[in-house]
Undergrad: 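My questions all concern the structure below.
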There are 2 protein chains.
Amino acid sequence: MIPTLKDVAERAGVHPSTVSRVLQGKENLPISEKTRTSIFAIAKELNYQPNQLARAFRLKKTQTIGLIVPDISNPFFSGIARSIEICSRRKDYTVVLGNTDENQDREIRMINNLLSRGIDGLILAPVQDRSGHIKDLCNRNFPLVLIDRCFDELETNAVISDNEEAAFNAISYLAQAGHRRIGFISGRKNIYTIRKRFLGYQKGIKTFDLVDDSELVSDNGFTLESGYHSTRKILSLPKSPTALLISGNKITVGAMKAIFEKKLSIPDDISLIGFTDFIGSPYWVVPMTTITHPVKEMGEAAFNLLFNNMATKETVPHSKMMVATKLNIRGSVKNLALADFAANSFPQG
Amino acid sequence: MIPTLKDVAERAGVHPSTVSRVLQGKENLPISEKTRTSIFAIAKELNYQPNQLARAFRLKKTQTIGLIVPDISNPFFSGIARSIEICSRRKDYTVVLGNTDENQDREIRMINNLLSRGIDGLILAPVQDRSGHIKDLCNRNFPLVLIDRCFDELETNAVISDNEEAAFNAISYLAQAGHRRIGFISGRKNIYTIRKRFLGYQKGIKTFDLVDDSELVSDNGFTLESGYHSTRKILSLPKSPTALLISGNKITVGAMKAIFEKKLSIPDDISLIGFTDFIGSPYWVVPMTTITHPVKEMGEAAFNLLFNNMATKETVPHSKMMVATKLNIRGSVKNLALADFAANSFPQG
DNA sequence: TTATTTTATGCAAACGATTGTGGCATCCAA
DNA sequence: TTGGATGCCACAATCGTTTGCATAAAATAA
């Protein structure tokens with residue numbers, strides 16, 4: 001059987017509490033060198049491992065954090081997960097994982113589940129249909145860090161990227177390349193990131209005086225299929241856009257499917273900027289111009305925020321951390337300005 | 001504060017044990033309808049949630065399983081993770097996650113850690129430098145399922161895909177397309193999957209009487225960089241291959257980088273088959289011909305095996321489950337037979 | 001020597017749930 | 001009226017650790 005404190009204590013001829021104290025390494029406690037070494041020896045001999053379950057129960061501290069994301073198979077979130085797991089391990093924390101599939105009820109059930117299993121803190125990319133349950137957590141002063149998405153109306157810790165600026169920069173880049181009719185394809189606009197991106201998109205439209213047409217905007221889900229259908233619809237518009245700003249890489253793949261089905265080529269017929277970079281982006285049909293989020297850094301920042309929050313009993317001032325994104329200019333955007341110039345230089349007919 | 005059994009009991013004027021029994025819904029126990037309804041009402045009013053930590057401690061059952069993979073940010077493993085997480089949730093299990101980064105010591109530490117935290121079972125994609133610790137688990141009859149990789153010498157549950165056949169089929173396909181000099185680029189050959197693939201490769205080489213040259217084989221890691229360097233080396237050979245069979249998608253991306261740096265084009269100058277399909281594979285520079293693993297099914301199978309294993313106290317006969325892979329023929333392989341034919345039909349000079 | 005401090009350790013309660021055992025009513029049968 | 005059966009519930013132990021408090025022995029001071 002697995003040895004317990006009691007087993008070690010019996011063999012060493014001391015009380016379990018003594019063993020506990022010695023093994024905890026409380027230096028300042030008065031323990032004779034003799035018993036100390038004896039206990040260490042016996043613990044080693046028996047290969048004693050403290051029962052963390054009992055320990056967690058007694059201490060009300062599990063050394064475990066929860067990580068809840070919409071979809072762990074999404075490269076963005078699996079990158080975050082990896083980063084968080086590595087940080088956690090360093091600080092002797094374990095991470096338990098949950099997928100919500102963008103389902104609000106599932107998120108709530110999952111949080112309650114993890115809570116009753118005793119996590120010390122939670123990192124969450126919320127679904128954002130509702131926020132009451134998150135507010136409750138805050139009120140209870142439960143260590144919580146939101147990641148990727150946060151609530152403007154809630155005072156929480158959060159690590160987010162500057163989606164508004166990112167989208168604005170993308171539009172700015174497209175505008176400079178001569179695009180005037182730009183489509184915006186995304187998941188659901190109640191999601192924080194999408195809302196901010198849309199804001200950035202709109203700001204860009206206004207700033208550069210581009211075509212403002214609600215038909216160019218589509219948001220109906222995060223799947224490959226939804227990206228496919230949105231794109232098909234937008235491409236069949238009487239006046240279809242010359243460029244697309246696309247959020248989410250499954251959506252992007254769906255969009256490409258639609259584009260190639262229509263025998264269009266990128267960037268000659270249509271330009272593309274993808275909102276998330278991932279491995280392989282440079283090697284797509286055309287090297288994809290994308291916006292990069294500093295995934296590793298975001299995970300680290302989230303864990304560190306959480307760690308500090310867990311360490312201090314008192315209320316910690318909440319901090320929303322905004323990280324900058326990067327526009328990776330590759331080859332999926334055509335410079336219409338140059339093209340127009342060329343076309344005008346050699347007038348037809 | 002969070003209400004406990006005791007709180008509910010006091011309010012209901014009964015003993016905690018009674019509350020426990022009622023809330024467990026043991027129908028056959030003699031409990032009066034009056035106390036039963038009263039207890040339910042009060043539990044609901046207080047929003048009583050059983051403390052799963054205490055429960056787990058008492059019952060020695062945490063309703064938690066461990067999932068340890070080399071790298072959760074690898075799409076193959078994150079797909080597996082997602083599938084397993086979904087199955088787990090359905091059966092009221094939670095999954096805790098670990099990355100080994102192909103580091104054997106880290107794997108061992110992680111297993112011990114999860115064990116002392118009380119997981120009910122473990123799904124593991126092992127590093128495979130050593131197997132002693134896994135043998136120990138088996139001897140202790142601990143519920144364990146290996147995934148993606150297993151040990152020929154160990155009797156364990158496992159869900160693996162038929163890598164040998166997959167590689168053989170790929171080589172067969174390349175051979176039929178007229179390729180005679182085929183490179184094999186992979187991670188580390190001590191890994192089960194890679195070993196089997198290499199076996200399939202060799203079998204193919206023999207069967208179709210292709211060029212058997214150890215210089216065409218390279219295995220030095222799972223990273224983008226290692227793929228890059230391996231490919232560079234192989235492409236600079238005096239007699240460089242006409243096709244490459246590549247294991248692992250980070251490696252594949254590295255290979256493409258090397259190929260394009262050399263200004264070679266796919267498939268005209270060099271053909272490619274990738275060993276793992278992932279979202280976007282169809283939309284690469286050239287639609288990638290890949291081997292697909294049934295990720296979702298593998299995850300489900302692994303969970304089900306584990307679940308059965310956890311349910312039965314007695315020793316369950318171990319089963320290794322082998323799933324078939326699929327060769328997705330897209331556009332990254334050139335038919336040299338046709339090309340040669342064409343070349344011969346129109347002799348130059 | 002006695003009083004006092006220090007050193008080293010034991011004792012027991014506690015965390016929150018589960019479960020075997022046992023006991024007090026009540027009821028029915030003989 | 002007594003016996004046993006049955007319905008309903010309480011009691012207490014238990015899981016493995018931790019920790020405040022008590023205490024005995026040893027060391028030091030008076």
Side-chain angles (χ1 to χ4, degrees), chain A residues 1-40 42-43 46-64 92 112-113 115-120, chain B residues 1-40 42-43 46-64 92 112-113 115-120:
Chain A
M1 268 323 294
I2 293 167
T4 69
L5 260 192
K6 213 172 139 201
D7 298 323
V8 179
E10 269 170 17
R11 285 256 220 152
V14 294
H15 196 266
S17 60
T18 306
V19 179
S20 171
R21 282 185 255 253
V22 167
L23 260 31
Q24 281 177 78
K26 304 211 165 177
E27 296 297 341
N28 53 339
L29 273 183
I31 307 272
S32 74
E33 208 46 47
K34 204 176 110 226
T35 48
R36 188 188 298 272
T37 51
S38 139
I39 285 174
F40 273 124
I42 292 174
L46 261 46
N47 187 28
Y48 167 75
Q49 303 275 88
N51 180 331
Q52 299 294 353
L53 208 54
R55 207 150 179 279
F57 170 53
R58 171 67 227 251
L59 262 25
K60 304 201 169 317
K61 182 144 195 329
T62 52
Q63 291 288 117
T64 298
D92 197 32
N112 286 332
N113 181 279
L115 247 32
S116 77
R117 282 166 198 249
I119 49 174
D120 297 338
Chain B
M1 266 327 292
I2 293 167
T4 70
L5 261 194
K6 213 172 139 201
D7 298 323
V8 179
E10 270 172 16
R11 285 256 220 153
V14 297
H15 196 265
S17 60
T18 307
V19 179
S20 171
R21 281 185 254 253
V22 167
L23 261 30
Q24 280 177 79
K26 304 210 166 176
E27 296 296 341
N28 54 339
L29 274 183
I31 306 272
S32 74
E33 208 45 47
K34 205 178 109 225
T35 46
R36 189 186 296 272
T37 51
S38 139
I39 284 173
F40 272 125
I42 292 175
L46 261 46
N47 187 27
Y48 168 74
Q49 303 276 86
N51 180 330
Q52 297 296 351
L53 209 54
R55 208 153 177 276
F57 170 52
R58 171 67 226 256
L59 261 26
K60 303 200 170 319
K61 182 144 195 329
T62 52
Q63 292 288 116
T64 298
D92 198 32
N112 286 333
N113 181 278
L115 247 33
S116 77
R117 282 168 198 248
I119 49 174
D120 297 338

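Just so it is clear: chains get the letters A, B, ... in the order the sequence lines come, proteins before strands, and each one is counted from 1. Quick note: numbers below take in every heavy atom, side chains included, and nothing from hydrogens, waters or symmetry partners.
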Undergrad: Could you verify whether a donor N or O on one side chain and an acceptor N or O on the other, from B:Ser20 and B:Gln24, lie under 3.5 Å apart?
TA: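 Side-chain D/A pair, B:Ser20 to B:Gln24: present.
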Undergrad: Would you please confirm or rule out a distance under 4.0 Å between OP1 or OP2 of C:dT19 and any side-chain N or O of B:Gln24?
TA: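 Result: yes.
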Undergrad: Provide the closest heavy-atom pair for A:Pro50 versus A:Arg55 in the form atom of the first, atom of the second, distance.
TA: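 For A:Pro50 and A:Arg55, the tightest heavy-atom pair comes out as CB-CD, 4.4 Å.
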Undergrad: Using atom CD of B:Glu33 as one end and atom C1' of D:dC9 as the other, report the distance to the nearest whole Å.
TA: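 It is 15 Å, rounded to the nearest whole Å.
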Undergrad: Rounded to the nearest angstrom, tell me the gap between atom CZ in A:Arg21 and atom P in C:dC11.
TA: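 A:Arg21 atom CZ is separated from C:dC11 atom P by 12 Å.
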Undergrad: Using five base pairs at each end, measure the axis-to-axis angle across the helix from C:dT1-D:dA30 to C:dA30-D:dT1 and round it to 10 degrees.
TA: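 It comes to 70° between the two terminal axes.
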Undergrad: Is the shortest side-chain N/O distance from B:Ser32 to OP1 or OP2 of D:dC8 below 4.0 Å?
TA: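 No, no such contact exists.
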Undergrad: Reckon B:Ile31 touches a base, only the sugar-phosphate, or nothing at all at heavy-atom distances under 4.0 Å?
TA: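 Touches sugar-phosphate only.
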Undergrad: Provide, to the nearest angstrom, the distance between the CD atom belonging to B:Gln63 and the C1' atom belonging to C:dA17.
TA: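 Distance check: B:Gln63 CD to C:dA17 C1' gives 15 Å.
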Undergrad: How close or far is atom P of D:dG16 from atom NZ of A:Lys61, stated in whole angstroms?
TA: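 Roughly 22 Å, once rounded to whole Å.
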Undergrad: Using only side-chain N and O atoms of A:Lys6, determine if any of them is under 4.0 Å from OP1 or OP2 of D:dT17.
TA: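 It does not, given that no N or O in the side chain of A:Lys6 lies less than 4.0 Å from OP1 or OP2 of D:dT17.
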Undergrad: With respect to the phosphate group of C:dT18, does any side-chain polar atom (N or O) of B:Arg55 fall under 4.0 Å of OP1 or OP2?
TA: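 Checking C:dT18 against B:Arg55, a side-chain N or O does come within under 4.0 Å of OP1 or OP2.
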Undergrad: Go nucleotide by nucleotide along DNA chain D from the 5' end; which of B:Gly13 and B:Phe57 gets its closest nucleotide reached first?
TA: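 Mapping each residue to its closest nucleotide by heavy atoms, the 5'-most match is B:Gly13.
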Undergrad: From CG of A:Leu5 over to P of C:dC11, roughly how many Å is that when rounded to an integer?
TA: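 A:Leu5 atom CG is separated from C:dC11 atom P by 15 Å.
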Undergrad: Decide if atom NZ of B:Lys61 counts as having more than 12 heavy atoms of other residues, nucleotides or ligands within a radius under 6.0 Å.
TA: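 More than 12 heavy atoms, drawn from other residues, nucleotides or ligands, come within 6.0 Å of this atom.
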Undergrad: Can you measure B:Glu10 atom CD to C:dG16 atom P for me and round it to whole angstrom units?
TA: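 Rounded to whole Å, this separation is 12 Å.
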Undergrad: Pick base, sugar-phosphate or nothing for A:Leu53, based on heavy-atom distances below 4.0 Å to the nucleic acid.
TA: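 No contact.
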Undergrad: Among the nucleotides D:dG16, C:dG16, C:dT18, which one has an atom lying closest to any side-chain atom of A:Ala54?
TA: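 For A:Ala54, the side-chain atoms sit closest to D:dG16.
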Undergrad: Given A:Arg36, which partner from the list A:Thr18, A:Val22, A:Leu23 fulfils the side-chain contact (heavy atoms from CB on, under 4.5 Å) test?
TA: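 Between A:Arg36 and the candidates, side-chain contact (heavy atoms from CB on, under 4.5 Å) is satisfied uniquely by A:Val22.
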Undergrad: What's the CD-C1' distance between A:Gln52 and C:dC15, to the nearest Å?
TA: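 The answer, rounded to whole Å, is 16 Å.
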Undergrad: Does a side-chain N or O of A:Thr35 approach OP1 or OP2 of C:dT9 to a distance below 4.0 Å, or not?
TA: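 For A:Thr35, the contact criterion (side-chain N or O under 4.0 Å from OP1 or OP2 of C:dT9) is met.
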Undergrad: Step through the shown structure and confirm whether more than 12 heavy atoms of other residues, nucleotides or ligands are within 6.0 Å of CG on A:Leu46.
TA: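 Atom CG in A:Leu46 is crowded, with more than 12 foreign heavy atoms closer than 6.0 Å.
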Undergrad: When you match B:His15 and A:Ser17 each to their closest nucleotide on DNA chain D, which lands nearer the 5' end?
TA: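 Of the two residues, B:His15 wins.
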Undergrad: Does B:Ile42 reach the side chain of B:Tyr48, with side-chain heavy atoms less than 4.5 Å apart?
TA: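 No; the side chains remain at least 4.5 Å from each other.
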Undergrad: Between A:Arg36 (CZ) and C:dT7 (C1'), how many Å, whole number?
TA: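 A:Arg36 atom CZ is separated from C:dT7 atom C1' by 13 Å.
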Undergrad: Just N and O in the side chain of B:Ser20: are any of them under 4.0 Å from OP1 or OP2 of C:dT18?
TA: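 Yes, B:Ser20 has a side-chain N/O under 4.0 Å of OP1/OP2 on C:dT18.
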Undergrad: Grab the two heavy atoms, one from B:Asn47 and one from B:Pro3, that are nearest each other, plus how far apart they are.
TA: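 What the structure gives for the nearest pair is O-CG, 4.0 Å.
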Undergrad: Applying side-chain contact (heavy atoms from CB on, under 4.5 Å) between B:Arg117 and each of B:Ile119, B:Asn113, B:Leu115, report the one that passes.
TA: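 One option only clears the test, and that one is B:Asn113.
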